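Scroll down for the structure; my scribbles are underneath it.
Residues take their numbers from the sequence shown, with the count starting at 1. What you are looking at is a predicted structure, and each value in this text was computed from that prediction instead of being measured. Basis for what follows: all heavy atoms, side chains included, without hydrogens, waters or symmetry-related copies.
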Amino acid sequence: MLRSGWMPAAKTKTTGRKTKKKTTRKVKKNLVIVESPSKAKTIQKYLGSRYKVMASLGHIRDLPKSKMGIDIENDYEPHYISIRGKGDVIKELRKEAKKANHVYLASDPDREGEAIAWHLSYLLGLDPHDKNRVVFNEITKDTVKNAFKTPRSIDMNLVDAQQARRVLDRLVGYSISPILWAKIKKGLSAGRVQSIALNLIIKREEEIKKFVPEEYWTIDGQFQKGRSKFNADFYGKNGKKVKPKNNDEVQAILADLDSKKPFTVANVEKKERRRQPPLPFTTSTMQQVANNSLKFRTSKTMMVAQQLYEGINIGRGGAVGLITYMRTDSTRISAVAKHEASKFIHDEYGAEYAALKPRVGKLPEGAQDAHEAIRPSSVMRTPASLKKYLTPDQMKLYSLIWSRFVASQMTPAVYDTARIDLEQNGITYRANGSQMKFPGFTKVYQDASKKDNKLPDLAVGEEVKMVKNQPNQHFTLPPARYTEAALIKTLESNGVGRPSTYAPTLNTIQKRYYVKLVARKFEPTELGEIVNQMIKECFPDILNIDFTADLEDQLDEIEEGKRQWVKVVDEFYKPFEKELNSASAKIEKVRIKDEPAGFNCEICGAPMVVKMGRYGKFYACSRFPECRNTKAITKEIGVKCPKCKQGEILERKSKKNRIFYGCSRYPDCDFVSWDMPVGRNCPKDGHYLVYKKSRKGRQVVCPNGDYEEPIEK
């Protein structure tokens with residue numbers, strides 16, 4: 001049965017003509033361009049079908065690799081080219097931009113992101129003065145949608161600051177590197193920040209070599225009052241502090257003591273000490289703490305932080321950015337984030353844990369305060385609630401960022417402290433104790449908590465008995481070599497570099513084999529010392545920390561619109577050019593001595609030597625180039641090859657300096673493994689067993705995944 005008013009679309013009764021079908025006009029979409037596919041995926045979900053979000057896959061234009069690319073005579077005009085391999089990406093972006101209703105450039109909210117947006121506008125034929133730039137500090141639905149309500153034009157001050165840094169680095173690198181190649185060896189490089197980092201490591205090494213240890217002694221005592229025992233150390237004599245320098249001085253002190261006579265409590269001082277919560281993370285403090293507590297390399301910290309910022313799929317909620325932008329030098333927190341944190345702390349821990357006026361950090365000199373501190377985008381997303389969605393590394397770093405932020409909005413920890421002076425025959429021993437009275441922020445940030453050292457309740461005039469007295473000899477230690485965390489802290493405190501420069505700087509000095517990491521600490525190589533000496537002799541300004549820090553300040557002034565980038569570059573280059581012209585004549589060609597390997601070449605019989613290559617040291621024939629025999633420097637692990645049963649398993653290094661294990665009979669036997677073989681087979685399936693690191697520690701496992709031995713002790 002037909003409904004009332006319904007008519008077929010074939011022919012009408014009156015005319016017999018066909019009626020035209022309604023055509024729906026295709027609505028043009030808005031194009032949004034970001035750097036990475038994961039960021040694009042997260043933002044696409046928030047913006048919906050009216051937008052198409054694409055990724056530029058990082059930079060799309062840069063200076064050419066084959067030449068300087070700077071027209072020094074023409075106001076240091078940079079010659080940018082499209083990056084090799086980005087042709088298809090550029091073609092696709094142009095195609096979508098032509099048919100888009102509007103193009104938005106949503107690269108990261110920093111100088112580098114602004115430069116990427118500027119390069120995109122050039123390639124896509126956009127007007128940089130149009131309001132097509134969108135920035136946000138966190139990738140959450142509300143923040144992203146609000147950002148698109150207030151687009152702005154490209155900030156050319158930010159672009160110029162980034163351009164000045166790029167031009168300066170190119171002028172330094174492409175001017176000094178050819179001299180290094182000619183005088184030392186090919187493949188070397190120099191840069192403003194990396195040269196200072198290398199110089200700091202070498203200076204520390206020199207301090208260690210020159211260090212002369214000094215002897216000193218401590219006298220550790222143990223005392224008893226009733227059933228309570230506590231420790232107190234020798235403090236001084238006749239009311240003055242004394243540090244015994246040798247055994248004779250110690251014996252003179254001990255001679256004045258009467259083992260049968262009790263000590264008298266001469267002074268008791270009790271105080272309440274408040275320990276302030278830490279400030280939320282900046283880029284450098286996050287890198288330092290992650291290196292110290294999680295043992296993360298700086299590059300790894302930044303990679304994992306980038307993943308957390310760009311978006312993680314958290315189930316029903318889909319992908320969401322879990323932290324704010326991870327390149328910042330500010331500890332500032334937004335009012336919205338403070339309010340949310342306060343409510344969370346009230347509900348979870350109680351009102352006494354929520355700070356009424358959270359600690360505010362002083363902005364370091366030169367810091368831009370362009371972004372908030374690194375914090376969770378929502379404090380309600382606790383680490384426990386995200387555990388099943390994050391990888392182990394993501395979980396570790398997110399927990400660190402979350403707990404640090406929550407702690408920063410909490411009340412101080414309160415300790416009862418006590419200092420007790422014990423005297424006998426004019427000799428004083430001192431005991432220091434503390435006991436937590438109120439946990440405050442340590443309820444969340446456990447890494448910052450300290451163990452209690454409770455002292456017995458003593459009053460002036462009471463007597464205590466000495467039960468043990470142990471003199472100990474010590475020697476002063478040399479300054480410690482730099483860890484990644486310590487080096488970043490030193491660079492930052494001297495105003496050298498900015499948050500985004502530290503990870504690539506540390507990677508470069510290792511990649512060039514100027515330094516090596518031994519037990520997580522930097523040691524300079526012979527090559528690093530030679531390069532440092534050359535730069536020190538010919539380019540002293542490059543190694544001048546004050547000069548480089550001042551240059552960073554000038555880049556900041558360009559960003560603020562206070563200085564012209566060409567003038568800043570010119571003021572640097574004019575004196576640098578003079579040093580450059582005299583450098584080639586001043587430096588003699590350096591010959592890196594080859595170390596004897598201790599065995600002969602199996603091809604020609606000449607002695608083998610240890611040479612320095614692009615990826616570190618290797619064995620080579622001393623008759624090179626007549627004999628081109630080379631061998632990798634390897635280490636036997638005492639395990640027979642599980643594949644051929646004849647060769648020995650050797651520890652080797654890949655081109656990226658990663659350790660792997662292979663058979664000594666290669667290429668006859670092609671056995672290779674990233675994990676160290678144990679030397680026995682799995683009792684279940686007969687496959688060879690390997691050592692594997694996990695969250696539980698080092699374990700013996702079967703690569704097939706069906707066998708696991710207890711954790712090694």
- All salt bridge (charged side-chain N to carboxylate O under 4.0 Å, His left out) counterparts of Asp233, not counting sequence neighbours: none

- Message: Looking at Lys39 and Asp108, is there a salt bridge between them, counting it only when a charged N and a carboxylate O are closer than 4.0 Å?
- Response: yes

- Between the side chain of Ser195 and the main-chain N/O of Ile542, is any donor-acceptor distance below 3.5 Å? no

- Cation-pi check, Arg512 to Tyr514: give yes when NZ or CZ is under 6.0 Å from the six-membered ring centre and within 45° of the ring axis, no otherwise. no

- Task: Might you confirm whether atom NZ of Lys65 has over 12 heavy atoms from other residues, nucleotides or ligands at distances under 6.0 Å?
- Result: no

- Message: Regarding Tyr482 and Arg204, do their side chains bring together a donor and an acceptor under 3.5 Å, going by distance alone?
- Response: yes

- Using only heavy-atom distances, determine whether the side chains of Thr140 and Thr143 contain a donor-acceptor pair under 3.5 Å. yes

- Item | Salt bridge present between Asp62 and Arg166 (N-O < 4.0 angstrom) | yes

- Item | Parallel, tilted or perpendicular: rings of Phe576 and Phe572 (30°, 60°) | parallel

- So, Glu529 and Gln533: side-chain donor and acceptor under 3.5 Å apart, yes or no? no

- Does a side-chain heavy-atom distance below 4.5 Å link Leu551 with Arg192? yes

- Evaluate the ring pair (Phe, Tyr, Trp, His ring centres under 6.0 Å) criterion for residues Tyr325 and Tyr309: first the C-alpha distance (whole Å), next the side-chain angles of each, then the deciding distance (0.1 Å), finally the verdict. CA-CA 6 Å; Tyr325 193 51; Tyr309 165 70; 5.2 Å; yes

- Query: Is it true that the side chains of Thr301 and Gln287 contain a donor and an acceptor less than 3.5 Å apart?
  - Reply: no

- Message: Let me confirm one number: the CZ-CG distance from Arg404 to Leu279, rounded to the nearest 0.5 Å.
- Response: 7.0 Å

- Query: Are Phe438 and Tyr353 an aromatic pair by the rule of ring centers under 6.0 Å?
  - Reply: yes

- Task: Determine, for Tyr235 and Arg430, whether the Lys NZ or Arg CZ falls below 6.0 Å from the six-membered ring centre while staying within 45 degrees of the axis.
- Result: yes

- Assess the side chains of Asn453 and Asn432: does a donor N or O sit below 3.5 Å from an acceptor N or O? no

